[in-house]
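Quick one: the structure is below, and I'll ask about it shortly.
Read the numbers this way: they start at 1 and go in the same order the structure lists the ligands and their atoms. This structure is a prediction, so every number in the text was calculated from the model and none was measured.
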Amino acid sequence: MSKLISLLLLIIITSGIAQDKSPNIILMIGDGMGLTQISSGMYANKNSTALEGFEFIGLSKTHAFDQLITDSAASGTAMASGVKTYNGVIGIDTKNKSIKSILEICQDKGYKTALLATSSIVHATPASFYANIPSRRQYQDIALQLREHSVDLFIGGGKKHFNKRDDKRNLIEEMNNYHFVKSLEELSSSESKKIGYLTYKDEPPTKLEGRSPALEDMASSSIKKMKSLGEPFFMMIEGSQIDWGGHSNDMDYVLSEFKEFNTTIQRVLNYAKSDGNTLVIVTADHETGGLTLSGGNIKRGTAKGTFSTKGHSAAMVPVFSYGPKAELFKGIYENTAIFDKMLKAVTK
Ligand SMILES: [Zn+2]
């Protein structure tokens, strides 16, 4: 009997400890993924999306500091650092002050960190989590800031900004505490505490052109690696090219990029469900293309879109959340509140 009581006590104590553990955060950003991109992708997937598995839904107001229509730099900065700034600016507020990102705040709290993108790693959205720079186009300078950063794992294109530079420096050689891998297999077997995987010399190609590795495999391998490095961890995963499909007004491009992102969301959600201490947030930085879902067929899995702009639009974008503190993300709020809510989730 006393054995049973001590067993019960042990269960109560350990479950108390479990609740007190800082949660992992996986922030997933579908660049340019408005509600119509999601709807189109869902119907093209025979009326199903991984997003239906989430617990709470919110809406985010994406406008920049002084413009209704944001770009990925201002919006990335808003979500990463909680500040509305000018379009084109990364990690700097309107008073020209550099601001810390949630990734860096998590690092200060002992989190391991990872950035994954299907664009180059120096592109506006991933850069918002480690760079402070007046122009998103200063790719070589952004690469230099990644060289000086201490993010534990990054995967994305844009190798040339590291090793084919105007200043003749080779940042890959300089970053000698990093293991630069050439495949996910190499990533998985690496025993290095810092890993970089520059997937392409330039911007990665589209999914339709055969981009690899698949984002869902990048996510699975990275989650495993993070767990081996020691929890908790903060990870940002960007489905970068949903936006580029919108800019091209190309429905097949949008749908194929969404499909990969949706598969990745399902992988991440499955992990979070089995783990129990991982907060997953899926959102977008803005909508791209002013897309209308104007036709299609559920049985055949087709969706026809009509675009109204080659640029971004100002419509609110949805926010889906699952896991510990997921309830914080319900309601309507500014995109800067995504930072505030993540901060709240990691603050005891
Ligand atoms: Zn864009």
Side-chain angles (χ1 to χ4, degrees), residues 27-41 60-80 84-91 115-129 131 133-139 142 156-158 161 200 202-209 211 215 236-262 264 282-292 305-319 335-336 338:
L27 172 64
M28 304 184 69
I29 301 174
D31 201 310
M33 187 184 74
L35 190 55
T36 317
Q37 281 77 3
I38 294 170
S39 311
S40 306
S60 161
K61 306 184 199 180
T62 65
H63 61 269
F65 174 72
D66 61 345
Q67 279 183 295
L68 184 63
I69 297 178
T70 192
D71 81 328
S72 295
S75 181
T77 300
M79 291 189 281
K84 294 259 186 192
T85 193
Y86 301 111
N87 280 340
V89 176
I90 290 171
L115 293 171
L116 279 56
T118 52
S119 64
S120 70
I121 199 67
V122 294
H123 217 260
T125 306
S128 297
F129 292 83
I133 202 137
S135 168
R136 58 181 288 177
R137 304 282 167 208
Q138 293 172 252
Y139 294 123
I142 294 171
H161 304 295
Y200 286 88
D202 214 317
E203 292 299 338
T206 70
K207 188 72 185 170
L208 288 172
E209 288 164 339
R211 181 181 62 240
L215 186 58
M236 193 288 297
I237 303 174
E238 187 193 28
S240 317
Q241 298 199 27
I242 300 168
D243 174 64
W244 302 353
H247 284 296
S248 309
N249 285 189
D250 181 338
M251 198 60 175
D252 290 339
Y253 193 174
V254 170
L255 291 174
S256 53
E257 295 296 332
F258 176 83
K259 189 177 177 196
E260 181 186 55
F261 196 54
N262 187 60
T264 310
V282 184
T283 188
D285 47 359
H286 51 73
E287 193 276 342
T288 305
L291 180 60
T292 304
T306 311
F307 295 89
S308 61
T309 172
K310 292 259 180 187
H312 302 164
S313 81
M316 291 191 288
V317 293
V319 183
N335 53 2
T336 49
I338 293 172

Distance-only, no hydrogens or angles: does the Arg136 side chain make a donor-acceptor pair with backbone N or O of Gly88 under 3.5 Å? no
Rounded to the nearest 0.5 Å, how far does CD1 of Ile133 lie from CD1 of Ile90? 7.5 Å
With no hydrogens and no angle check, is any side-chain donor or acceptor of Glu203 less than 3.5 Å from a backbone partner on Ser120? yes
Near the Zn ion (ligand 1), which protein N/O/S atoms are found at less than 2.8 Å? Asp243 OD1, Asp243 OD2, His247 NE2, His312 NE2
Between the side chain of Glu260 and the main-chain N/O of Glu257, is any donor-acceptor distance below 3.5 Å? no
Rounded to the nearest 0.5 angstrom, the OG-CD distance for Ser128 and Glu238 is 9.0 Å
Testing His286, Lys84, Lys61 one by one against Asn335 for a side chain to side chain donor-acceptor pair (under 3.5 Å), which residue passes? Lys84
